[in-house]
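Below is one structure, written out as structure tokens; the observations come after it.
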There are 2 protein chains.
Amino acid sequence: MPQPTTTSPSAGSRTSDPDASTVERLLQAAAHAFADKGFHATTTRDIASGAGLSPAGVYVHFGSKEELLFALSRSGHESALRLMRSAIADGPTPAEQLVTVMARFTEWHVEQYQVARVVQYEHHHLTPEHHAEVLGLRKEMDSLMRDVLDRGVADGTFSVDDSADTALALLSIVVDVARWYSPTIRRTPGEIGSTNAALALRLVGAGH
Amino acid sequence: MPQPTTTSPSAGSRTSDPDASTVERLLQAAAHAFADKGFHATTTRDIASGAGLSPAGVYVHFGSKEELLFALSRSGHESALRLMRSAIADGPTPAEQLVTVMARFTEWHVEQYQVARVVQYEHHHLTPEHHAEVLGLRKEMDSLMRDVLDRGVADGTFSVDDSADTALALLSIVVDVARWYSPTIRRTPGEIGSTNAALALRLVGAGH
DNA sequence: TCGGTAACTAAGCGCTTGCTTAGTTTCCCT
DNA sequence: AGGGAAACTAAGCAAGCGCTTAGTTACCGA
């Protein structure tokens with residue numbers, strides 16, 4: 001009964017697009033709930049009703065609540081990494097790479113702020129095995145950012161004391177968006193993105 | 001029976017200084033557990049055994065788990081605010097105020113990283129009333145930082161596009177320390193503090 | 001000396017949790 | 001037409017949760 005003709009089992013508080021597939025709706029509902037209340041404060045019943053299913057319906061598609069978190073966390077990390085890589089590939093110079101990666105990665109944190117929150121703040125609730133896998137992706141983000149800085153230092157456009165410290169600060173500015181952003185804020189993703197890109201240029205001494 | 005002569009009721013995993021008062025030990029154990037696993041993943045039994053008490057012993061001193069979080073969150077916010085104010089009072093110029101506030105506030109996030117994590121990441125689990133009280137303290141932090149920037153812009157030492165955006169980025173760099181710091185890291189609080197202070201000077205265009 | 005008070009524990013209550021089981025419906029392949 | 005797999009629900013189980021109750025111990029002022 002994929003499309004019931006009359007009413008759905010829990011007419012309550014659906015938090016996901018009713019036209020999406022069941023797996024997609026479960027991921028959306030889980031992202032919504034995990035971002036809002038955190039992994040442990042979210043019940044499998046929250047997720048089920050958010051996806052328009054009975055409590056048992058979750059387990060047709062995912063073996064556990066943690067498996068849902070892992071699916072969300074892994075795909076979130078992968079799309080963040082993909083976005084960073086393509087932003088860097090698009091910039092001909094380190095300065096343009098830095099601006100593009102800061103702007104687009106910031107915009108992603110705003111537009112996908114629920115997924116971003118799960119990615120940045122819920123990954124330590126994964127099982128040790130899943131956590132280790134995701135940590136590898138996080139280290140890759142870090143070194144992508146550091147490599148941009150190192151290239152800019154090498155060709156003389158950037159001047160930074162320590163590229164690891166500076167990369168961490170740049171990522172802090174971006175990651176923290178997922179903490180403070182709320183959809184009630186009136187600034188657009190593009191505005192926040194270009195603000196952070198401009199701050200990045202100052203941090204690497206490329207404004208002067 | 002404040003000092004049992006033989007063995008304590010739960011000889012298990014005490015996480016707090018056994019010489020401190022019971023209330024102090026409860027706060028320490030709660031800070032430890034909330035920082036490590038988050039508010040909802042922490043059980044009152046974790047806190048009790050961390051403080052060397054039976055599960056019921058918590059309720060002699062605190063009415064609920066949330067009341068413990070509130071006590072921790074409020075006193076944490078208050079000591080953070082006190083620290084910011086005194087750092088600003090100690091600096092004769094906006095540039096020195098910025099350096100001091102960034103260095104000391106960063107050091108606090110490192111040295112008190114368990115309390116800092118609770119302060120920065122657990123406050124949304126408070127009741128609406130308690131949350132509102134703490135939000136007032138957080139806004140005060142924000143405007144303290146913005147005021148430093150505005151004074152530096154006014155006297156010509158800083159050049160920033162938007163003091164609110166820049167203040168947010170500066171606080172992001174500091175707050176994010178509570179996310180990434182771990183006691184296994186070999187850098188000292190002083191080193192991390194002066195790194196962040198130097199980054200701050202670059203962000204406000206005071207390095208020239 | 002002794003009554004009151006505060007700090008504490010053993011036991012457990014009622015509820016919610018993650019997840020399972022057994023069964024129903026729908027659809028598709030032959 | 002009819003058999004089987006897949007998607008789903010109703011009901012509920014065992015465990016763990018926050019917190020309470022009833023009682024014990026230790027201490028302190030009169």
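To find a chain, count down the sequence lines: A is the first, B the second, and so on, and within it residues start at 1.
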* To do: Output every pair passing salt bridge (charged side-chain N to carboxylate O under 4.0 Å, His left out) with a member in residues 48-72 of chain A, not counting sequence neighbours, ordered by first then second residue.
  => none
* Report yes if a side-chain nitrogen or oxygen of A/Thr22 is closer than 4.0 Å to either non-bridging phosphate oxygen (OP1 or OP2) of D/dA7; otherwise report no. => no
* List in numerical order all residues of residues 58-69 of chain B for which some heavy atom is under 4.0 Å away from an atom belonging to DNA chain C. => B/Val60, B/His61
* **side chain to side chain contact (heavy atoms under 4.5 Å, CB included) against B/Thr188, all qualifying residues, sequence neighbours excluded** => B/Glu191
For residues 87-100 of chain A, please give each side-chain donor-acceptor pair under 3.5 Å, one per line with the distance, not counting sequence neighbours.
unit_1	atom_1	unit_2	atom_2	d
A/Asp90	OD2	A/Arg104	NH1	3.4
A/Asp90	OD2	A/Arg104	NH2	2.9
A/Thr93	OG1	A/Glu96	N	3.1
A/Gln97	OE1	A/Arg151	NH2	3.0
A/Gln97	NE2	A/Ile88	O	3.4
A/Gln97	NE2	A/Gly91	O	3.0
A/Thr100	OG1	A/Glu96	O	2.6

* For the residue pair B/Arg117 and B/Gln112, confirm or rule out a side-chain donor-acceptor distance under 3.5 Å. => no
* Structure fact -> Residues passing the side chain to side chain contact (heavy atoms under 4.5 Å, CB included) test with B/Val160, sequence neighbours excluded, are B/Val153, B/Ser163, B/Thr166, B/Val204
* Please state how far atom CD1 in A/Ile47 lies from atom C1' in C/dG18, giving the value in whole angstrom units. => 11 Å
* Asked: What pairs meet the salt bridge (charged side-chain N to carboxylate O under 4.0 Å, His left out) rule with one or both residues in residues 32-57 of chain A, with sequence neighbours excluded?
  -> A/Lys37-A/Asp46
* Asked: Looking at residues 36-46 of chain B, who's got a heavy atom less than 4.0 Å off DNA chain D?
  -> B/Thr42, B/Thr43, B/Thr44, B/Arg45
* Can you name the side-chain hydrogen bond (donor to acceptor under 3.5 Å, both in side chains) partners of B/Arg85, sequence neighbours left out? -> B/Glu140
* Got a sec, which residues hit side chain to side chain contact (heavy atoms under 4.5 Å, CB included) with A/His32, two or more places apart in sequence or on another chain? -> A/Thr15, A/Gln114
